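Heads up, the thing below is written out as structure tokens.
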Amino acid sequence: MMTLKVIAPSKDQIKEIADFLMQEKLIAEAFISGPVERLTKNSKTNGFSYEEAYTLSGLSKSLLFAVINQEMRKKYGAKMPLLYAEPLIMMDPEHTEKTLAELRKV
């Protein structure tokens, strides 16, 4: 199991991604937070800049990460948000069963 993390520049995009991933049964639950400030390196000025960002956290199967990445690349291309996963080490057994039942079969 994993917690999928998506970081995007707008609330509209992060909600669209959450809807897409839920409809495709790629995440079982979605938690959206933000805005937060994101510090990035500006390649044009070689300095740093702050920008607004939103985070989506979703419960999923680790085996679905490659599928999620592929589907997101296909859908968002050059506007692909930051996508990564954190391992989920322990979870209540009943919640685990419920979560797995809501996800795509691998």
Side-chain angles (χ1 to χ4, degrees):
M1 295 285 292
M2 69 173 179
T3 301
L4 182 74
K5 297 284 192 165
V6 184
I7 312 296
S10 76
K11 191 171 190 176
D12 288 341
Q13 185 183 23
I14 210 78
K15 284 183 167 184
E16 177 185 297
I17 292 167
D19 290 346
F20 169 71
L21 293 173
M22 291 286 289
Q23 287 172 0
E24 294 296 317
K25 298 183 125 191
L26 294 170
I27 60 173
E29 293 185 50
F31 307 92
I32 296 172
S33 61
V36 296
E37 285 190 87
R38 179 180 179 184
L39 178 63
T40 58
K41 187 168 185 176
N42 187 321
S43 59
K44 294 177 184 172
T45 65
N46 208 26
F48 297 98
S49 61
Y50 286 93
E51 52 191 48
E52 199 171 82
Y54 292 83
T55 303
L56 164 66
S57 299
L59 300 177
S60 190
K61 297 176 187 173
S62 298
L63 290 172
L64 286 174
F65 184 84
V67 174
I68 294 167
N69 190 54
Q70 181 180 11
E71 294 292 322
M72 295 278 293
R73 284 254 166 234
K74 197 178 348 176
K75 186 170 179 66
Y76 292 100
K79 293 186 179 190
M80 175 74 172
L82 175 62
L83 177 70
Y84 63 96
E86 296 175 338
L88 192 58
I89 307 302
M90 302 285 280
M91 197 160 108
D92 173 73
E94 287 182 31
H95 198 100
T96 300
E97 285 182 39
K98 181 180 178 250
T99 299
L100 291 173
E102 295 175 17
L103 293 169
R104 187 185 292 186
K105 304 293 180 225
V106 179

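Note that this is a predicted model, so its numbers are computed, not measured. For reference, positions follow the sequence shown, starting with 1.
Scanning all heavy atoms of the two residues, the minimum distance from S10 to Y54 falls at C-CD1, 3.5 Å. What you find for I14 and V6 is that their closest heavy atoms are CD1-O, 3.5 Å. Taking all atoms of both residues into account, the shortest heavy-atom contact from Q13 to P81 is NE2-CD, 4.1 Å. Smallest separation of non-hydrogen atoms from Y76 and E16: OH-OE2, 2.6 Å. Nearest heavy atoms, I27 versus A18: CD1-O, 4.3 Å. Across every non-hydrogen atom of F48 and K41, the tightest pair is CD2-CA, 3.9 Å.
Judged by distance alone, the side chain of S62 and the main-chain N or O of M1 form a donor-acceptor pair under 3.5 Å. Between the side chain of K25 and the backbone N or O of K105 there is no donor-acceptor pair closer than 3.5 Å. At least one donor-acceptor pair closer than 3.5 Å links the side chain of S60 to the backbone N or O of L26. At distances below 3.5 Å, not a single donor-acceptor pair connects side-chain atoms of R73 with backbone N or O atoms of M80.
Criterion: ILVMFWY side-chain heavy atoms under 4.5 Å apart, direct or through other members. Under it, F65 and V106 are part of a common hydrophobic cluster. Both L63 and M72 are members of a single hydrophobic cluster when ILVMFWY side chains are connected at heavy-atom separations under 4.5 Å. Note on Y84: it does not cluster hydrophobically with L56, by side-chain heavy-atom contacts below 4.5 Å among ILVMFWY residues. Residues M2 and F20 fall within the same hydrophobic cluster, defined by Ile, Leu, Val, Met, Phe, Trp and Tyr side chains chained together at heavy-atom separations under 4.5 Å.
Atom CD of E37 sits about 11.0 Å away from atom OG of S49, to the nearest 0.5 Å. Taken to the nearest 0.5 Å, the CD1 atom of I17 stands 8.5 Å off from the CG atom of L83. Once rounded to the nearest 0.5 Å, the distance linking CE of M90 with OG1 of T96 reads 9.5 Å. A distance of 9.0 Å separates OG1 of T55 from CZ of R38, quoted to the nearest 0.5 Å. Atom CD of residue E71 and atom CD1 of residue I68 lie 9.5 Å apart, to the nearest 0.5 angstrom.
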key: Worked verdict on H95 versus L59 for side-chain contact (heavy atoms from CB on, under 4.5 Å)   = CA-CA 11 Å; H95 198 100; L59 300 177; 4.0 Å; yes
Full working for side-chain contact (heavy atoms from CB on, under 4.5 Å) between L4 and L21 = CA-CA 10 Å; L4 182 74; L21 293 173; 3.8 Å; yes
query = Does the salt bridge (Lys or Arg N to Asp or Glu O under 4.0 Å) test come out yes or no for E102 and K98, once each step is laid out?
reply = CA-CA 7 Å; E102 295 175 17; K98 181 180 178 250; 3.8 Å; yes
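In E97, the CD atom is not crowded: 12 or fewer heavy atoms of neighbouring residues, nucleotides or ligands sit closer than 6.0 Å. With a 6.0 Å radius and a threshold of 12 heavy atoms from other residues, nucleotides or ligands, E86 has its CD atom above the threshold.
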